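Here is the structure we will look at, set down as structure tokens.
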Amino acid sequence: MEYDFNAIEKKWQRYWVEHNTYKVTEDPSRPKYYVLDMFPYPSGAGLHVGHPLGYIASDIYARYKRLQGFNVLHPMGYDAFGLPAEQYAIQTGQHPAVTTEKNLNRYREQLDKIGLSFDWSRQVKTCDPKYYRWTQWAFIQMFHHWYDNDMQKARPIADLTAIFAREGNAAVNAANSCRRTFTAAEWNAMDEREQLTLLLDYRIAYLADTQVNWCPKLGTVLANDEVKDGLSVRGGYEVVQKEMKQWSLRISAYAQRLIDGLDGLEWSDALKEIQRNWFGRSEGAEVYFPVKGLDEKMLIFTTRADTIFGVTFMVLAPESEWVDKVTTPDRRQAVDAYLEQVRKRNERERLAETKTVSGVFSGGYAVNPFTGTEVPIWISDYVLASYGTGAIMAVPAHDSRDYAFARHFDLPIIPLIEGCDISESSFDAKEGIMTNSGFLSGKTVQEAIPAAIDEVERRGIGRRKVNYRLRDAIFSRQRYWGEPFPIYYKDGLPFTVDEKDLPITLPDIDAYRPTEQGEPPLGRAKNWTYKGFPLELCTMPGFAGSSAYYFHYMDPDNTERLVSEKAAAYWQNVDLYVGGTEHATGHLVYSRFWCKFLHDIGLVDVDEPFKKLINQGMIQGRSNFVYRIKGTNKFVSAGLKDQYDTTEIHVDVNIVQNDVLDLERFKAWMPDFADAEFILEDGRYICGWAIEKMSKSMYNVVNPDSVIARYGADTLRLYEMFLGPVEQSKPWDTAGIEGVHRFLKKLWSLCCGRGDTPAFTDEEPTEAEYRILHRTIRKIQHDIETFSFNTAVSTFMICVNDLQDLRCSKRRILEPLVIMLAPFAPHIAEEIYAAFGHDTSVTDARFPEADEKYLVENTFNYPVSFNGKTRFMLELPLGIDAKGAEEAVLAHETGQKWTEGKTIRKVIFVPKKIINIVVN
RNA sequence: GCCCUGGUGGUGGAAUUGGUAGACACGCGGGACUUAAAAUCCCGUGAUCAGUGAUGAUUGUGCGGGUUCAAGUCCCGCCCGGGGUACCA
């Protein structure tokens, strides 16, 4: 019987659908396991061979867990709101929902062919009102909560207004952007409008004037993680800083919890580090500096309080509110000119000019609280308004930026560390002995930092302070294709829609562009009102819908809640999450924040959404080239190209095999090449190659459908895993695929026979055969648990090669092997499993257990020569300790099997299992 | 600049975490079967040197040192690639 993968795969894919094989329900009698993939944005291009890598890996793990008796939740859905569909809509006038639906069906078709074990009955689409009502609902909750820094959790706004009415806001330790202090009496005297305006500064979802990343080309604002090097991540368009009234999420309130939560997660250290850097915790102090001629004191933030004796000037951010207060009349003109110059620069110019120093003297002076010295106050854009207090004390001797500034404007530099050389650059290292520093002199820097802060606190001129780099997430997008805000405006103040009126569905509009008045596209909608009041015109950003979708999979049909208490209690959180690193500072931060918020308001017990995370690597393309001799239509093989003057041309990798060009298909590929001539080497045309991004323009896109048509889904799955570690980025090279395909054919002929070869038998296996099997079980189990799927495939290959050498077609060996293979190659496994006489799916089988009896290796030794002596390494069975090892050595010695004419001089016990014996 | 990562044959990659480096696979070379091809199977394959030969010797995990009976793996100092971040005080 031939291995007819096409028929087999079709048959079993139909079987799985008909039998609802992958449908899961809560089953308290079994332990749960939740395996999740980052859901895809269905683009028009469909899947290429790189996309399923993570899906295959997670599918293997999900199927493995199922074989171990876990009740596995393994759902899939679509991140369907987003820019590309909208831009396509702008160009064509077609509703984004239509294109999205089309793309999504194409994705589904491709995914189905790979044999993934998703429970599609739980599908979640972010653009579905049934789902996005919960995104809107969460936003309403964020609007009605504030963050209590003392309790480190979100609390209802009603608690806050009660506190305000009782004692004002002075003593409230809340995450806020309020610049005003008021008493209870003042609060109670305010009208509702004033109170609501103030509360916006405390809400977790709040509306405020903020400096935002505005992308004129996309016509929308972007979050920090959507901007890189001053350009939009999507499209690469210019981004400028602009002040706008925008919705934001007070994610910065959660900074410390987001940092602390990382410790308990099984994520790669690299990824945790990326997030830690993004949150950017830094410990230091806030210190008040008196300002000459003013009663108010200027607050600065520093991590180097120990260097306060070296302050020779102060610097304000251009946007700082202090600029106006300290600028003297004679400096006004110069300051205004500088501010204007700063305003005009866009983000990219700013980044490009980080090395050039610019600034202006304000005319004002501050007083060093420790030395009493008056120091000038400067204004420069190297100080950021959005970090710390927007003002710094400059210590040019020990900060490279202050140093550059001081050198440029010829300001004094006072060294504070014994023996440091500051002739060329500042001495930034936190080491050495302090000098010129009053009471700090003689201390090491490490001692001086806390000592200085203690003194600041003792004098009451400042306090310890931790700052975070993490900014609040800007949540408004001036776009159509996203979740509408459940917000309406009354007299310009925002109010939330009643929860019972959710979802607020996206209205149809006639065009997807901004209105003539420059309003977002929703400005075109007719009757875009709620109870007669205008609704918000912005929509939510891409990350809104992806921040809690994993909870809705647990309970997808629930119309009362995002997830029921029962389902949430059973499924808890995601045990294994698989996806790319590109979401490290976006989706993976927002989801963690969102989950913590839902936890705070009591919706879910868990505080972290994703326990274990695997980042699959990117699959790059492997491009092929042909070399056309200039001015001709003659192509020269890669090995001979140096002899001619040639042009390198990308050639479709689908007409090249193992770098050998299919000449006929090449001629048919493009009209230009129909009459091409070739200069061959060894009778073949060899193409050049390079690793590049997989893209249409480089003709290196391989799509899974063509691979499946040729080799089958099982081969594709095995090969994607065999290519290398899941986490690693690697090029797709179809060259090696024959190897894994051959392996499946070998397995097939062992089990089902080939030609006149007999199929499996029910004979009792030999000891040697059992040893092969159990060694394989142990290894495969280890490989799967450590995500070494590439070595797992090798392990299968070795096992089948060994069985083939023994001509072993015994069912008692092959059946456990096939069950183990089922997660990797489910279709062939089902077919063989059925051939063994089972009438249930292999999904219901149990993963075999390794029998220790067959794992104990015989004692053996290897001669190794070293420095003229012969050294024997003796490997002992598992579980033998040093004492047992000694006995084994003695036994071995008396056995005299290997010591012919030699005596043991010394026995060295090295690790647990291995003993080195030196003989002469 | 700072913070992560990684560097092993012609290629993708193994190495039980300090124990015969190069598993497995591709590619390549040789052979069997075949009129032939495909398919399948067998043998060889890091480099250099010696030998008719089985084989032996030397060398070998980016570079230079070190620890160890033993280093791809640990330590110190460099070089190169990939990713993150960038006036974050």
Side-chain angles (χ1 to χ4, degrees), chain A residues 2 228-229 268-278 280-282 284 300-304 307 315 317 350-351 353-357 380-384 386-395 398-402 404-405 428 467-471 581-582 584-585 615 617-618 622 658-659 689 718-719 722-725 727-740 742-743 745-746 749 754-755 757 778-779 782 786 788 790-799 801 804 861-867 869 871 873-875 878 906 908 910-911 913-918:
Chain A
E2 274 298 306
K228 216 190 144 191
D229 301 326
S268 72
D269 291 339
L271 193 76
K272 287 186 187 180
E273 209 49 39
I274 291 173
Q275 287 208 346
R276 282 197 195 97
N277 290 338
W278 186 256
R281 180 191 157 96
S282 67
I300 59 97
F301 174 74
T302 179
T303 54
R304 293 294 302 273
T307 61
V315 187
R350 228 182 97 118
L351 286 169
E353 287 170 19
T354 51
K355 275 163 212 98
T356 57
V357 177
S380 172
D381 66 353
Y382 84 87
V383 174
L384 303 176
S386 50
Y387 184 77
T389 62
I392 61 153
M393 63 177 211
V395 185
H398 303 294
D399 182 284
S400 52
R401 296 152 305 184
D402 298 345
F405 196 81
D428 292 9
N467 261 327
Y468 301 91
R469 214 190 64 120
L470 180 67
R471 303 289 149 78
T581 357
E582 66 272 20
T585 55
N615 285 120
M618 288 232 292
R622 188 178 188 277
N658 295 342
D659 291 337
W689 60 272
L718 281 173
Y719 187 56
F722 186 68
L723 224 41
E727 291 98 325
Q728 195 174 300
S729 284
K730 59 241 160 185
W732 175 266
D733 180 1
T734 313
I737 199 165
E738 298 282 351
V740 291
R742 219 166 273 156
F743 154 74
K745 284 201 270 190
K746 276 186 212 169
S749 57
R754 179 170 51 84
T757 330
R778 188 178 58 173
K779 184 73 173 27
H782 179 262
T786 57
S788 309
N790 56 330
T791 52
V793 177
S794 295
T795 307
F796 282 121
M797 288 178 176
I798 294 166
C799 180
N801 284 344
Q804 198 171 45
N861 53 55
Y862 314 103
V864 180
S865 83
F866 169 78
N867 283 357
K869 293 176 205 158
R871 182 176 303 276
M873 282 178 19
L874 181 68
E875 192 168 322
L878 290 163
K906 189 174 143 200
I908 307 155
V910 199
K913 274 165 47 184
I914 310 273
I915 302 165
N916 282 6
I917 303 156
V918 183

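The sequence lines fix the lettering, A, B, ..., with proteins before strands; numbering per chain opens at 1. On a predicted model such as this, the values are computed, not experimentally measured, just so you know.
- In this structure, the side chain of A:Ser268 engages the main chain of A:Leu271 through a donor-acceptor pair within 3.5 Å.
- Classification of B:U11 as anti follows from a glycosidic angle more than 90° from 0.
- Looking at the side chain of A:Glu273, the nearest of the listed nucleotides B:U85, B:C3, B:A25 is B:C3.
- Of the candidates B:A89, B:A23, B:C3, the closest approach to any side-chain atom of A:Val383 belongs to B:A89.
- Considering only the side chain of A:Thr791, B:A14 comes nearest among B:G84, B:A14, B:C24.
- Within 4.0 Å of A:Asn467, counting heavy atoms only, lies no atom of the nucleic acid at all.
- The nucleotide B:G29 finds its pairing partner in B:C43, both defining distances of the Watson-Crick or G-U wobble pair being shorter than 3.5 Å.
- Contact annotation: A:Gln728 side-chain N/O to B:G13 OP1/OP2 distance is under 4.0 Å.
- Using cut-offs of 30° and 60° on the angle between ring planes, the pair A:Phe796 and A:Phe743 is tilted.
- Contact annotation for A:Arg281: no contact, since no heavy-atom pair falls under 4.0 Å across all strands.
- Within 4.0 Å (heavy atoms only), A:Pro725 reaches sugar-phosphate atoms of the nucleic acid but no base atom.
- For the pair A:Arg622 and A:Trp732, the cation does not sit on the ring face, since its NZ or CZ is not both under 6.0 Å from the ring centre and inside 45° of the axis.
- Atom CZ in A:Arg742 sits roughly 9 Å away from atom C1' in B:A25 (whole-Å rounding).
- In terms of phosphate contacts, A:Ser282 brings a side-chain nitrogen or oxygen within less than 4.0 Å of OP1 or OP2 of B:A89.
- Under the Watson-Crick or G-U wobble criterion, with both distances below 3.5 Å, B:U35 is left unpaired in every strand shown.
- Side-chain proximity of A:Met797 to the nucleotides B:A23, B:A89, B:A25 is greatest for B:A25.
- At the phosphate of B:C4, neither OP1 nor OP2 sits under 4.0 Å from any side-chain N or O atom of A:Arg276.
- One C1' atom belongs to B:G22, the other to B:U59, and the distance between them is 15 Å to the nearest Å.
- With sequence neighbours left out, the side chain to side chain donor-acceptor pair (under 3.5 Å) criterion links A:Glu273 to A:Arg276.
- Comparing A:Leu271 and A:Gly736 along RNA chain B, the residue whose closest nucleotide (by nearest heavy atom) sits nearer the 5' end is A:Leu271.
- Under a 3.5 Å cut-off, the side chain of A:Lys746 and the backbone N or O of A:Met797 do not form any donor-acceptor pair.
- Base orientation of B:G9: syn, since the glycosidic angle falls within 90° of 0.
- In this structure, A:Ile392 reaches the bases: a heavy-atom distance under 4.0 Å links it to at least one base atom across the strands shown.
- The residue A:Lys779 sits apart from the nucleic acid: no heavy atom pair falls under 4.0 Å.
- Side-chain proximity of A:Lys745 to the nucleotides B:A15, B:A89, B:A39 is greatest for B:A39.
- For B:A89, the OP1/OP2 oxygens have no side-chain nitrogen or oxygen of A:Tyr382 closer than 4.0 Å.
- Within 6.0 Å of atom CG in A:Asp269, 12 or fewer heavy atoms from other residues, nucleotides or ligands are found, so the atom counts as exposed in its surroundings.
- An OP1 or OP2 oxygen of B:U11 is reached within less than 4.0 angstrom by no side-chain nitrogen or oxygen of A:Arg622.
- Distances shown here put a side-chain N or O of A:Asn790 below 4.0 Å from the OP1 or OP2 atom of B:A14.
- Within the nucleic acid shown, A:Lys272 has no heavy atom closer than 4.0 Å to any nucleic acid atom.
- In this entry B:U85 has B:G1 as its Watson-Crick or G-U wobble partner, both defining distances falling under 3.5 Å.
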